[in-house]
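Notes for the one structure printed next.
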Protein chains: 2
Amino acid sequence: MIVLGIDPGTATTGYGVVATDGATTPTDRVAKAGSAGPRLIECGVIRTSPRAPLHERLRDIHEGVTELIARHHPDALAVEDVFYARNVRTTLVLGHARGVILLAGSVAGLAIHEYAPALIKKTVVGAGAATKQQVQFMVAKLLRLKHAPEPADAADGVACALTCVMYSEGPMARMRLAGAAAASPTLTAPRRTVRS
Amino acid sequence: MIVLGIDPGTATTGYGVVATDGATTPTDRVAKAGSAGPRLIECGVIRTSPRAPLHERLRDIHEGVTELIARHHPDALAVEDVFYARNVRTTLVLGHARGVILLAGSVAGLAIHEYAPALIKKTVVGAGAATKQQVQFMVAKLLRLKHAPEPADAADGVACALTCVMYSEGPMARMRLAGAAAASPTLTAPRRTVRS
């Protein structure tokens, strides 16, 4: 299974493409117990020009996502939900970006999943209020990367794809991944910083 | 000039296609003084299934707008802005619908205009706080229709297109249209009802 994860934004949309061996039944899990788990195929960001009018930025985002779908043929699209307790205008504009992203997935006939930011952090880091650095760190650990994805928006896209993978594979997969992350010595965990 | 006006909604998106002779210079205005003014080509609504997931509804709205553009070859797309003092969740979902509508116009290379609801009402009715019935009445008057467009969402789409036409043609056109409306005896104005 290949999942395209998206963290929507009008200026910067983060994305991550994650592949998994798709162990979904107990027998599969035994057979694939030695498999390496999910792996990262590609991650990055779609940037739009801050001076371009909204409709042009939406076109760039839509084209970017459509290109990613054409290149990787994902089975599912996982899109981060808007955290809508912020400024209403910001929330509204972000809704426009999510609209064209969901459209790209819908037109391509993908299974579409939406996850709240807190659920993604809870699933990947273990805490719903995790910092961006903690998400980057855990994404690198779970996917056995030498460096954390940069910028943080790209890591957020990967985290969204990972959440989809972990939920599709069930609680056993989430436990196994958590164990793998605990055993991985490649990175040092950043300290949790208190946000001002 | 042909303008496609849209009143976005996830359940019901109203639209109106308005054509004008495009008198934009003083000489034009004299030459076309006897012209009939803007005329309605088509109006209606794009309805989506309330039980369908959001991404399917967005696809239906996008397809509907794309079809209208293909059929009428408008020069401009006029989209009503979201009145975002309401429920934040509603505003966010409406942003998704606006996103796919703006995308359709952008991909087709149309000039894109956005108008606040109060400006549309002010332009078409003369009062920013006009009721839906007053908008329907004035749309019918300005376009010399026998009946007001139904449902009200369709009239809102037409009003948005009319606002674009009236702003493109300048203050003279707005005055001329207002005069034509005053002289038109075809409909009886609905009384302004106080909203609860």
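Below, chains carry the letters A, B, ... as their sequence lines are ordered, and counting in each starts from 1. Quantities reported herein were computed from a predicted structural model and do not represent experimental measurements.
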Given the rule that I, L, V, M, F, W and Y join up when any side-chain heavy atoms are under 4.5 Å apart, are [X] and [Y] in one cluster?
{"X": "B:Leu68", "Y": "B:Val79", "value": "yes"}
{"X": "A:Ile6", "Y": "A:Tyr167", "value": "no"}
{"X": "A:Leu40", "Y": "A:Val3", "value": "yes"}
{"X": "A:Ile2", "Y": "A:Tyr15", "value": "yes"}

Q) Looking at A:Ser106, A:Ala97, A:Gly99, which makes the most heavy-atom pairs under 4.5 Å with chain B? A)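 Heavy-atom pairs under 4.5 Å are most numerous for A:Ser106.
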Q: Sort out for me which of A:Ile61, A:Ile101, A:Leu58 touches chain B most, counting heavy-atom pairs under 4.5 Å.
A: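 Among the listed options, the one with the most contacts to chain B is A:Leu58.
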Q) Is the closest side-chain heavy-atom distance between B:His55 and A:Leu103 below 4.5 Å? A)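 They are not in side-chain contact.
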(Q) Is A:Leu54 close to chain B through its backbone or its side chain, or both, or neither, when contacts mean heavy atoms under 4.5 Å? (A)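 Contact with chain B involves the side chain of A:Leu54 alone.
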Q. Between A:Thr91 and B:Val88, what is the shortest heavy-atom contact and its length?
A.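 Heavy-atom minimum between the residues: CG2-CG1, 4.2 Å.
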Q: Measure the spacing between CZ of A:Arg57 and CG of B:Leu102 and express it to the nearest 0.5 Å.
A: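 Separation between the atoms: 13.0 Å.
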Q) Who are the salt bridge (Lys or Arg N to Asp or Glu O under 4.0 Å) partners of A:Glu42, not counting sequence neighbours? A)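 A:Glu42 satisfies salt bridge (Lys or Arg N to Asp or Glu O under 4.0 Å) with A:Arg71 only.
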